[in-house]
S.K.: 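This is the structure I want to talk about, given as structure tokens.
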Protein chains: 2
Amino acid sequence: MEDLDRQIVQLLVTDGRMSYTDLGKATGLSTSAVHQRVRRLEQRGVIRGYAAMVDPEAVGLPLTAFISVKPFDPSAPDDVPDRLSDINEIEACHSVAGEENYILKVRVGTPGELEHLLSRIRTLAGVSTRTTIVLSTPYEARPPLT
Amino acid sequence: MEDLDRQIVQLLVTDGRMSYTDLGKATGLSTSAVHQRVRRLEQRGVIRGYAAMVDPEAVGLPLTAFISVKPFDPSAPDDVPDRLSDINEIEACHSVAGEENYILKVRVGTPGELEHLLSRIRTLAGVSTRTTIVLSTPYEARPPLT
DNA sequence: GCTGAAAGCCCGTCTAC
DNA sequence: GTAGACGGGCTTTCAGC
């Protein structure tokens, strides 16, 4: 990727609401040139979208956990991500190499909700689970420096 | 949290660049009322900021991994997050309950870079590591529905 | 805490290079 | 691919309730 695009991406990752005018000042381009480049970055899928970053505790989700998942029947068709995609408590689903097949990142309000979520996951996807509770998060979602 | 604030947060998590005018239309508030609420949500730390979401592969970071970390000397002062905070490849650092002390999420370009990163982590923080390679990511960073 | 209005700035587009 | 300009819309602030 070109250096100007890289700069623009970097700026927008740090401040997703920065105006095209300010992006232009920061990169030395005109407003319309920046605008055009941003649109192309969005269309090419480099920029997938924009989001407010929210404090999970402030919205009632103080409990984070990683759940490693392994199918009961390793010969069954593997559609775990599809089966779990409607569960809003699951923030992320990664297919991984190793002892387990998937790592899920989940957020809930209470241990009771986590217990209930685990049983939903086990029955919906036909998997066994290994859960790692997050005690605190020194940092998270830091933008990739490229 | 109040319902109107919840609506606003939900909308901004889904589209971080939505205008205050549109937020007002969606919530039935005036533009200035929305603006005021958003500022208070930002000041209270409910909204931590805004970010463009970037495709890691498109910016040269196709390889994601989780690194579980455990100090060589369990009696030494635990300042692992501080010691690692300058490493840009580390996207997140969670303190966890379980066999290991921390889970790191990292993004790099190549296996060679991962190898180098692991040795930096081990020497900088005085830890042993267990690495789980991500093969694919069916979904990630889904907004918490509250 | 919300509304409504007013001024300034930004967005989005178009034309020209 | 970039610069410059223009109209419409948005942001931001300030009374007023």
Side-chain angles (χ1 to χ4, degrees), chain A residues 1-62 109 140-146, chain B residues 1-62 109 140-146:
Chain A
M1 200 170 52
E2 193 192 341
D3 186 58
L4 276 169
D5 285 340
R6 201 182 309 277
Q7 281 184 48
I8 292 170
V9 167
Q10 198 68 54
L11 290 162
L12 282 175
V13 163
T14 308
D15 178 4
R17 282 183 83 88
M18 190 180 286
S19 72
Y20 299 121
T21 307
D22 286 346
L23 287 171
K25 287 174 188 166
T27 56
L29 291 175
S30 71
T31 304
S32 44
V34 169
H35 195 177
Q36 211 171 126
R37 279 174 180 269
V38 170
R39 267 205 305 251
R40 288 193 56 193
L41 287 166
E42 290 168 355
Q43 283 170 354
R44 285 168 45 202
V46 178
I47 295 178
R48 287 176 171 163
Y50 305 87
M53 290 172 297
V54 171
D55 179 3
E57 296 194 27
V59 296
L61 300 170
E140 186 176 23
R142 301 202 306 182
L145 273 206
T146 57
Chain B
M1 199 169 53
E2 194 191 342
D3 186 58
L4 276 169
D5 284 341
R6 200 181 312 276
Q7 282 184 48
I8 292 170
V9 167
Q10 197 68 54
L11 289 162
L12 281 175
V13 163
T14 307
D15 179 4
R17 282 183 84 89
M18 190 180 285
S19 72
Y20 297 121
T21 306
D22 286 346
L23 288 170
K25 287 174 188 165
T27 56
L29 290 174
S30 70
T31 304
S32 40
V34 169
H35 195 182
Q36 220 170 120
R37 279 175 180 270
V38 170
R39 268 205 304 247
R40 287 193 57 193
L41 287 166
E42 291 168 353
Q43 284 171 354
R44 285 167 46 202
V46 178
I47 295 176
R48 287 175 171 166
Y50 305 88
M53 290 172 297
V54 171
D55 179 4
E57 296 194 28
V59 295
L61 300 170
E140 186 177 23
R142 300 202 307 181
L145 273 206
T146 58

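Chain identifiers are assigned alphabetically (A, B, ...) following the order of the sequence lines, protein sequences preceding nucleic acid strands; residue numbering begins at 1 within each chain.
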S.K.: Restricting to side-chain contact (heavy atoms from CB on, under 4.5 Å), what partner residues turn up for B:Glu2, sequence neighbours left out?
M.R.: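 If we apply the side-chain contact (heavy atoms from CB on, under 4.5 Å) test to B:Glu2, skipping adjacent residues, the hits are B:Leu4, B:Asp5, B:Arg37.
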S.K.: Partners of B:Thr21 by side-chain contact (heavy atoms from CB on, under 4.5 Å), sequence neighbours excluded?
M.R.: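 For B:Thr21, the residues satisfying side-chain contact (heavy atoms from CB on, under 4.5 Å) (neighbours in sequence not counted) are B:Ser19, B:Lys25, B:Thr31.
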S.K.: The criterion is side-chain hydrogen bond (donor to acceptor under 3.5 Å, both in side chains); which residues satisfy it with A:Gln7, sequence neighbours excluded?
M.R.: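 Once residues adjacent in sequence are excluded, the partners of A:Gln7 under the side-chain hydrogen bond (donor to acceptor under 3.5 Å, both in side chains) criterion are A:Asp3.
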S.K.: I'd like to know if the side chain of B:Arg17 reaches the main chain of A:Gly49, judged simply by a donor and an acceptor atom lying under 3.5 Å from each other, with no hydrogens or angles considered.
M.R.: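 No, the answer is negative, given that no donor and acceptor are paired below the 3.5 Å cut-off.
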S.K.: Does B:Ala33 reach a base, just sugar-phosphate, or nothing at all? Heavy atoms under 4.0 Å.
M.R.: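 Here B:Ala33 touches the bases of the nucleic acid.
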S.K.: Sorted by first residue and then second, give each ring-ring contact (aromatic ring centres under 6.0 Å, His included) pair with at least one member in residues 27-59 of chain B; sequence neighbours left out.
M.R.: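 Residue pairs with at least one partner in residues 27-59 of chain B: B:Tyr20-B:His35.
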S.K.: Taking side-chain contact (heavy atoms from CB on, under 4.5 Å) as the test, write out the residues that go with B:Glu57, two or more places apart.
M.R.: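 B:Asp55, B:Pro62.
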S.K.: Quick one, which residues of residues 41-55 of chain B touch DNA chain D with a heavy atom under 4.0 Å?
M.R.: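 Contacting residues: none.
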S.K.: Apply salt bridge (charged side-chain N to carboxylate O under 4.0 Å, His left out) to B:Glu42 and list each qualifying residue two or more places apart in sequence or on a separate chain.
M.R.: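 Residues passing salt bridge (charged side-chain N to carboxylate O under 4.0 Å, His left out) with B:Glu42: none at all.
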S.K.: Tell me, please, which residues at least two apart from A:Ala33 pass side-chain contact (heavy atoms from CB on, under 4.5 Å).
M.R.: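 A:Ala33 satisfies side-chain contact (heavy atoms from CB on, under 4.5 Å) with A:Leu29, A:Ser30 only.
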S.K.: Can you tell me the distance, in whole Å, between the CG atom of B:Leu23 and the P atom of C:dT3?
M.R.: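 Spelled out: CG on B:Leu23 to P on C:dT3 is 14 Å.
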S.K.: Which letter, B, S or -, goes with each nucleotide of nucleotides 11-17 of chain C from 5' to 3', with contact meaning a protein heavy atom under 4.0 Å?
M.R.: SBB----
